[in-house]
Amino acid sequence: MTGSLVGAASGGDAPGGLHERVLEWYSGAQRDLPWRRSDATAWGIFVSEVMLQQTPVARVLPVWVEWMTRWPEPTDLAADAPGEAVRAWGRLGYPRRALRLHSAAVAMTERHGGKVPMSEAELSTLPGVGAYTAAAVATFAFGERTVVVDTNVRRVIARAVTGDQYAAASPTRAEHTLATSLVPTDPDRARTWSVAVMELGALVCTARAPRCGECPISDLCRWQLRGRPAHEGPPRRGQAWAGTDRQMRGALLRRLRESPGPVPRAALEAVSDNALQRERCLDSLVADGLVEPLPRDLFQLPGSRGTS
DNA sequence: CACTCGTGGAA
DNA sequence: TTTCCAAGAGT
């Protein structure tokens, strides 16, 4: 019965199999996250999805609450300076996301009547919105039947269906086809399916130490049936950090974030003795629009008067 | 397609 | 202590 799992999923919603198990598990194990509640707005869901790109839930929570209080609608954020978005982003990492979120709010204000566009296709045109985020917002906020493929979904599919410990380094066509075949036909059921698989990957089918004893589909899992063989092939190299431009950019931006107003060049020079790298990074931050140079050797987070 | 882009907590 | 990696996107 090696094909039982895929077979049970044929058509996307065969009764009594994979879907029932996962959905039943989700109904009892799901976390109570504010952007999942019934009173969550499309804007709130949109913001949460961008913040959650490569950033853990625990770190996003307090920042998301602050953003929702300060900017309850896209028009509220659009009316504020992009630098304020960068400042309020805090230490979530990848601060260009804050800038793109602000740009997206401006686009919603100018082209979508101040609202989050409802279709996956329209969402895809917004800055900072890729395949995952467009699909996620379209289904979680608007109930459109989409194929949501994130790192959790990829890992669950790799194990349960393909039988590998980890998904490929980069998403494959076969993977997407497989994910598509698993999405239930009914849009509402598809929405719950997607969030449920993501939750399964986040809480049970984790990257390092999967809790197979708590998994609702462990007896169908091809990786489990194969004896949980270790990943084959070259080890995926981790992200270097010490001495990288990313670290330097982070240090510079932190210095700017901590000051309410413009910062003199000398203050930025105090961040690092490596002048060459420091200047290169400062230049790149300016090029990215994360830092705004002012007269008299002053620098600040981007203000509102500047044109995008 | 390969590479870059932050951050900090857990193992 | 070092390593891993978390609801990706853009180039």
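Order of the sequence lines fixes the chain letters, A, B, ..., with proteins taken first and strands second; residue numbering starts at 1 for each chain.
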Chemist: Checking contacts here: which listed nucleotide (C/dG8, C/dA7, B/dG8) is nearest the side-chain heavy atoms of A/Q54?
Modeler: C/dG8

Chemist: Base, sugar-phosphate or nothing for A/L285? Non-hydrogen atoms, less than 4.0 Å.
Modeler: nothing

Chemist: Taking any heavy-atom pair under 4.0 Å as a contact, classify A/R154: base, sugar-phosphate, or nothing.
Modeler: nothing

Chemist: Should the side chain of A/T151 and the base of C/dG8 be counted as holding a donor-acceptor pair, with the cut-off at 3.5 Å?
Modeler: no

Chemist: By the 4.0 Å heavy-atom rule, please label A/V60 as base, sugar-phosphate, or nothing.
Modeler: nothing

Chemist: Mind checking A/A131 for me? I need base, sugar-phosphate or nothing, with any heavy atom below 4.0 Å counting as a touch.
Modeler: sugar-phosphate

Chemist: What's A/G93 touching, base or sugar-phosphate or nothing? Going by heavy atoms closer than 4.0 Å.
Modeler: base

Chemist: Do A/R255 and A/S259 have a side chain donor and acceptor closer than 3.5 Å?
Modeler: yes

Chemist: Base, sugar-phosphate, or nothing for A/R91, non-hydrogen atoms under 4.0 angstrom?
Modeler: sugar-phosphate

Chemist: Nearest of B/dC5, C/dA6, C/dA9 to any side-chain atom of A/P56?
Modeler: C/dA6

Chemist: Checking all strands, does A/W89 fall into the base, sugar-phosphate, or nothing category for heavy-atom contacts under 4.0 angstrom?
Modeler: nothing

Chemist: For a quick check of understanding: with a heavy-atom distance under 4.0 Å over all strands, which category does A/L92 fall into, base, sugar-phosphate or nothing?
Modeler: base

Chemist: Within the structure, does a side-chain N or O atom of A/R97 lie under 4.0 Å from either OP1 or OP2 of C/dA9?
Modeler: no

Chemist: At 4.0 Å (heavy atoms only), tell me whether A/A209 reaches a base, stays on the sugar-phosphate, or touches nothing.
Modeler: nothing

Chemist: Using every non-hydrogen atom in the two residues, find where A/A202 and A/R31 come nearest and quote the distance to one decimal.
Modeler: CB-NH2, 3.7 Å

Chemist: Just checking A/T133: base, sugar-phosphate only, or nothing, at a heavy-atom cut-off of under 4.0 Å?
Modeler: sugar-phosphate

Chemist: Hey, is the side chain of A/R246 pairing donor to acceptor with the base of B/dT7 inside 3.5 Å?
Modeler: no

Chemist: Ignoring hydrogens and geometry beyond distance, is a side-chain donor-acceptor pair present between A/Q53 and A/T133 at under 3.5 Å?
Modeler: yes

Chemist: Establish, from distance only, whether the side-chain atoms of A/Q277 and A/D245 form a donor-acceptor pair under 3.5 Å.
Modeler: yes

Chemist: Describe the nucleic acid contact of A/D245 in one word from base, sugar-phosphate, nothing, applying a heavy-atom distance below 4.0 Å.
Modeler: sugar-phosphate

Chemist: Base, sugar-phosphate alone, or nothing: which one does A/A207 contact when heavy atoms must sit under 4.0 Å apart?
Modeler: sugar-phosphate

Chemist: Counting any heavy atom closer than 4.0 Å, what does A/R31 reach on the DNA or RNA strands: base, sugar-phosphate only, or nothing?
Modeler: base

